[in-house]
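So you know, we letter chains A, B, ... as the sequences are listed, proteins then strands, and number each from 1.
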Amino acid sequence: MVVKNQCLDLEVFFKEREAVLKGWPTGQEVDLEEAVAYHKNLPQEKVMVNQLLSARRENKTLIQPRAGVALPEQHIELLKYLREEGEADLLPTTIDSYTRQNQYEEAEKGIKESRELGRSMLNGFPAVNYGVKVCRQIIEALEVPVEVRHGTPDARLLAEITLAGGFTDFEGGGISYNIPYAKKVPLENTIRYWQYVDRLVGYYGEQGVKINREPFGPLTGTLVPPSISHSVGIIEALLAAEQGVKFISLGYGQNGNLIQDIAAILSLKDLAEEYLKKEGYQDVEVTTVFHQWMGGFPQDESKAFAVISWGATAAALSKATKVIVKTPHEAMGIPTKEANAAGLKTTRQIINMLQDQILEQTRRMDIEREIIGKETRQILDKVLELGEGDWAEGTVRAFAAGILDIPFAPSKFNAGKILPARDNNGAVRFINFGNLPFSQEIKEFHQEKLAERGEVEERDVGFQMVIDDIYAISKGMLVGRPR
Amino acid sequence: MVVKNQCLDLEVFFKEREAVLKGWPTGQEVDLEEAVAYHKNLPQEKVMVNQLLSARRENKTLIQPRAGVALPEQHIELLKYLREEGEADLLPTTIDSYTRQNQYEEAEKGIKESRELGRSMLNGFPAVNYGVKVCRQIIEALEVPVEVRHGTPDARLLAEITLAGGFTDFEGGGISYNIPYAKKVPLENTIRYWQYVDRLVGYYGEQGVKINREPFGPLTGTLVPPSISHSVGIIEALLAAEQGVKFISLGYGQNGNLIQDIAAILSLKDLAEEYLKKEGYQDVEVTTVFHQWMGGFPQDESKAFAVISWGATAAALSKATKVIVKTPHEAMGIPTKEANAAGLKTTRQIINMLQDQILEQTRRMDIEREIIGKETRQILDKVLELGEGDWAEGTVRAFAAGILDIPFAPSKFNAGKILPARDNNGAVRFINFGNLPFSQEIKEFHQEKLAERGEVEERDVGFQMVIDDIYAISKGMLVGRPR
Amino acid sequence: MTAKPIVVLGVIGADVHAIGNQILEHALNDAGFKVVNIGVMASQKEFVNAAIETGADAIWVSSLYGHGEMDCRGLREKCQEAGIGDILIYVGGNLVIGKQDWENTKKLFLNMGYDRAYPPGTLPETAIKDLKEDLQKRGKSRWNWPS
Amino acid sequence: MTAKPIVVLGVIGADVHAIGNQILEHALNDAGFKVVNIGVMASQKEFVNAAIETGADAIWVSSLYGHGEMDCRGLREKCQEAGIGDILIYVGGNLVIGKQDWENTKKLFLNMGYDRAYPPGTLPETAIKDLKEDLQKRGKSRWNWPS
Ligand code: B12
Ligand code: B12
């Protein structure tokens, strides 16, 4: 199968749609025309795009948790609590892992078990099984916008049901919800699936309904160098824009070095706008998402609060449009609603205290921005070259060639040849470049930075550093120093 | 009574000493010669000066809690716990409020009630009542240095007993433990009392025993502009140096604006060294202490964790030699040992994650340093002028004239004419200068900064801002915006 | 207009926490009371004397530093001995040591004879509203409160 | 030197958490084992087949994402049916949903037939030490472990 970056023909789209809706009985509940009308009747403050754009305008950082349980009543109760007690600005509905794999039968079992035990046996909310009506109960019970957050390679049916259900933001993308979330799903397939999702969002847009799309920024969440996640995010933005998507939030997972993290958020927006313009998508609005540390967390809750605070700090100082919040239970398991609210409140306090503070651009920050810019452009330009002008084809070929490569990812379509590690100040650099198309200048920059750490630690730059870095934050450090 | 900044004559000192030791029966336990020998036998790592100087050398920030309960067994257990579970680098013994007022009879009652109820009925450890031997039990039970922290206007007997008891650091000063901690004790008295304490420390030093002295930096803990606390700290350093003190830690209470806080710590050390040199004290070692936010805390523990983290962040980025840690119970009451350890662990995680990160000097930081430097010099030079060259006399006259003035202080010897408030970025400025001897340039700087806030908030610069700022952090903000 | 109701305000014991005291004075003034602020480190005797001398309608005792339980015991009895046994006495702050169950603490202080007790972080508004009501109940409704 | 003991390693169910799996592989290799890593999203059947095909001495099952309780049930029985009923089976990760009492969780998995179960955050060293002991008990003490 070959996938081209072309706006899907409406006829093709509607034909495909029939099959998609047959994936599970609830598909039949979806009536596009009626759904458009439903959206148009939503109060303005329940529309994600409105909240994001006004936050961007006012230089504010909004806060959003992750949350999803198996039973609708409990899910609604949870979200209400996170709004009221946790002071969340935006809400999520995190989808369970069976639904993410389109295993709706398994999800049904999970619902049953959960009903019997009275507690959630699923790690998220199985929206497809519940269908449009129950989704709308969620939307109607809450006064703020709700986003679908998941990790689904083929999210066509999920998108149909949740968007008809009144959700106004949909996370994911053909790369970001494949390579970190799947083992053997071909990229051309997921890019195609997500063209469908984006086309659906584009279609809603053409009917006057504003829906936001958010590629999943953090990927594997673990030592992902900014240029890697930026490249993926920008490609997904371009693919979405081609399908008519007008509102895109691009995400980035905190690495922990403040300067690098701020530079990453600033450059992400600049680069995305640069490429969108260059490719002829003039009217796409880009907002940014900062994810608090996505790798392994400390088990101790007091220490987890510190990691959460540090994430909130970087989010506030980078003026990201929103921050996705972790909880003190992160290392242990899906949080209770109290723990979830605790993470939100810590974040809220930091965001508020830093709201009016400004960190100046410094020389180091300029250097980081420049490096991230150069790396991202070198990757993206090579992708386009490989695709002979087509971003979709280019992406498939670039992954095959290791030009795009995500560290620690489970997918067999990922080369897995690059190796990241922290430098002596905790910024994430490359130990191995794999086949990344970086210039000599860039490579030397990374090598020097890592050599500096090697000298301080009196050891070779190598895999043991990577392992130490993977554990570092959970063990109370940023840089994984030898013991 | 007139007090002069002159090294106490040893004969005078020893004569006074006899009376001091009669203040409570335990005074008779103190044998200076034996105490010197005891100190010389202490393991090097139990000596505060060693820990502070090596941290300063390695650019590390050490962490220290506050803690003290009525019963020795429980006190030792508490400190051990804070060391082991809380990972504290340095330990304290916080003294109860009766002892601080030399009300040893009341303290005795408190001990009795505590024994009967099995829980502490005192807000600290009554060291005088227990005497030298029990103090040494504390020192011997722990592997790190322990500091006496209190708030005692007349701490002569307390110093005698605790220093003979093996403590290697003693907090306080004639100004900083009077004006914020007393109502009607004349300044000349407390300066004289603290000359005694400093002379005692100087005497130990002459016998080869290194004891650290730490003026209490945060004063009233609430919106104290850096130049105010810097002036007090530097005067106390000069007074101490005159009595032969060689190791001084100068403190500063976090205000919340990162740039101002970093500038404050950096300028504190520079200014202190400048004045010590200028006044002929060449061999005094200055270290710095950063106090996490000392004003009203949020009641919500998750929010308190954020305030603690933010304090740890500023401490780490300013490279203060140590940071004094708050707890998630701060707004509610004296913390349980678990809550105390929680504050330490949060701080530890932040300090570790930021250990290797560097924030560059920026233009704004330079401006803040310059402003703090100018203000402090203008105050100090006027103090010296009023004292006709004598810092002690100058201090007494300066407080009488409002040249030195501490916001919100309870002492009737404090003019109480200055009024601080936050500017639009949260830095603490002056609304009223009282009689502070500031140049027109400085005054205009503050007025402009506050006018900017007034415009944003569309209200007059005035007392309502002060009230709003006093509550702000406890209500989840930094700047107390109008509702 | 009639005379303003009078409140004696102070921080009891060896307690020097001055900030809340200054804010309470300001808030009571704003609300139309006459405030007699005896400040921090006030003894029970000073509270009683100030109340007698000024013919006060209420006493507001603060205790922040943790010794409240020991310091506050007996104030009601001192007032009775001095012949002002039925004066309104409120208490607030961080009354006991540590984070304790508020209902127990409240009971403790009400049993000591305080008319009302307030937990940490109470805003002045809350207690001022109560005070106006309590005074009204005592037939002092004729005061004209600034609105 | 004799042949290395063989461990089948994988992440069960629809779980894609790959980092711990990669680290475990590395650590087992370093400790002298032969690792057959079937990776993430492995079904019970894949575990059993890999164990049979390679004549494995142990199976290490990871479950991080919260569905461990549902996914892990029945693996011991499948092994029994396949004739390798007494193979060592360890399980670790974030086995259940949420922060739950570990002793209960452990019992749950031991009752399902797992030989050992490890709580979140277990370091590879810990379990490798146990594995060596368990193998030794089974008479496989002749292996020469790298020191
Ligand atoms: C990184 C991460 C991700 C990445 C994974 C990228 C990838 N493909 O690998 C991304 C972002 C994609 C992700 C997705 C999801 N995640 Co996730 N994720 C994490 C996180 C933060 C770190 C995991 C990690 O890499 N740790 C570092 C490695 C080295 O440690 P480890 O995995 O724990 O493994 C070690 C030990 O556990 C042990 N061990 C593991 N297995 C075994 C087996 C044996 C036999 C032995 C002896 C030892 C052992 O040894 C390993 C090496 O030291 C954890 C929380 C945490 N720990 O802080 C959550 C967490 C595991 N994820 C969770 C969840 C719910 C999900 C999602 C379902 C939904 C979501 N919230 O987005 C999806 C799942 C998708 C799917 N189908 O699996 C939950 C699981 C909840 C629960 N059990 O109650 C956790 C605990 C977070 C939380 N508190 O909610 N996640
Ligand atoms: C600032 C501060 C200090 C400053 C005080 C400066 C000064 N002279 O004012 C300094 C640093 C000097 C200090 C010293 C000490 N402090 Co102190 N301090 C604080 C802190 C952080 C804020 C207090 C404050 O100003 N709040 C802002 C004002 C506006 O609020 P407020 O005082 O609570 O008052 C309001 C309400 O409570 C209420 N209210 C108060 N009284 C009354 C009375 C009535 C009738 C009513 C209706 C309402 C009411 O209205 C007020 C206005 O809104 C608190 C903890 C906190 N709250 O976060 C600890 C705290 C009060 N201190 C404490 C302690 C123990 C001490 C020390 C003994 C020892 C120490 N740890 O250093 C010494 C005491 C010295 C002494 N002899 O009193 C403890 C008390 C513990 C307890 N009760 O269990 C606290 C709670 C901190 C803690 N958790 O350990 N402190």
What is the ring orientation for A:Phe216 with A:Tyr177, classed by angle as parallel under 30°, tilted 30 to 60°, or perpendicular over 60°?
tilted
Sub-4.5 Å side-chain heavy-atom contact between A:Glu105 and A:Trp24
yes
Region of D:His17 in contact with chain A, defined by heavy-atom distances below 4.5 Å:
neither
At a 4.5 Å cut-off on heavy atoms, which part of [X] comes close to chain D: side chain, backbone, both, or neither?
{"X": "A:Pro410", "value": "both"}
{"X": "A:Arg100", "value": "neither"}
{"X": "A:Pro180", "value": "backbone"}
{"X": "A:Tyr471", "value": "side chain"}
{"X": "A:Thr222", "value": "side chain"}

Looking at [options], which makes the most heavy-atom pairs under 4.5 Å with chain D?
{"options": "A:Thr220, A:Leu122, A:Thr336", "answer": "A:Leu122"}
{"options": "A:Gly110, A:Gly333, A:Ala409", "answer": "A:Gly333"}
{"options": "A:Glu106, A:Lys412, A:Glu113", "answer": "A:Glu113"}

Heavy-atom pairs under 4.5 Å with chain A - which of [options] has more of them than the others?
{"options": "D:Ala18, D:Gly66, D:Gly98, D:Pro120", "result": "D:Gly98"}
{"options": "D:Val96, D:Leu123, D:Leu95, D:Leu64", "result": "D:Leu123"}
{"options": "D:Asn21, D:Val40, D:Val11", "result": "D:Val40"}

Are [X] and [Y] linked by a side-chain donor-acceptor pair shorter than 3.5 Å?
{"X": "A:Thr327", "Y": "A:Glu330", "result": "no"}
{"X": "D:Asp130", "Y": "D:Tyr118", "result": "yes"}
{"X": "D:His67", "Y": "A:Asn123", "result": "yes"}

Assess whether a salt bridge exists between A:Asp469 and A:Arg481, defined as any Lys/Arg side-chain N lying under 4.0 Å from an Asp/Glu carboxylate O.
no
Please report the C-alpha distance between A:Arg115 and A:Glu73 in whole Å, then the side-chain angles of each, then the deciding distance to 0.1 Å, and finally whether the salt bridge (Lys or Arg N to Asp or Glu O under 4.0 Å) criterion is met.
CA-CA 11 Å; A:Arg115 281 249 178 262; A:Glu73 318 80 70; 3.2 Å; yes
Output field: ring centroids A:Phe399/A:Phe413 closer than 6.0 Å
no
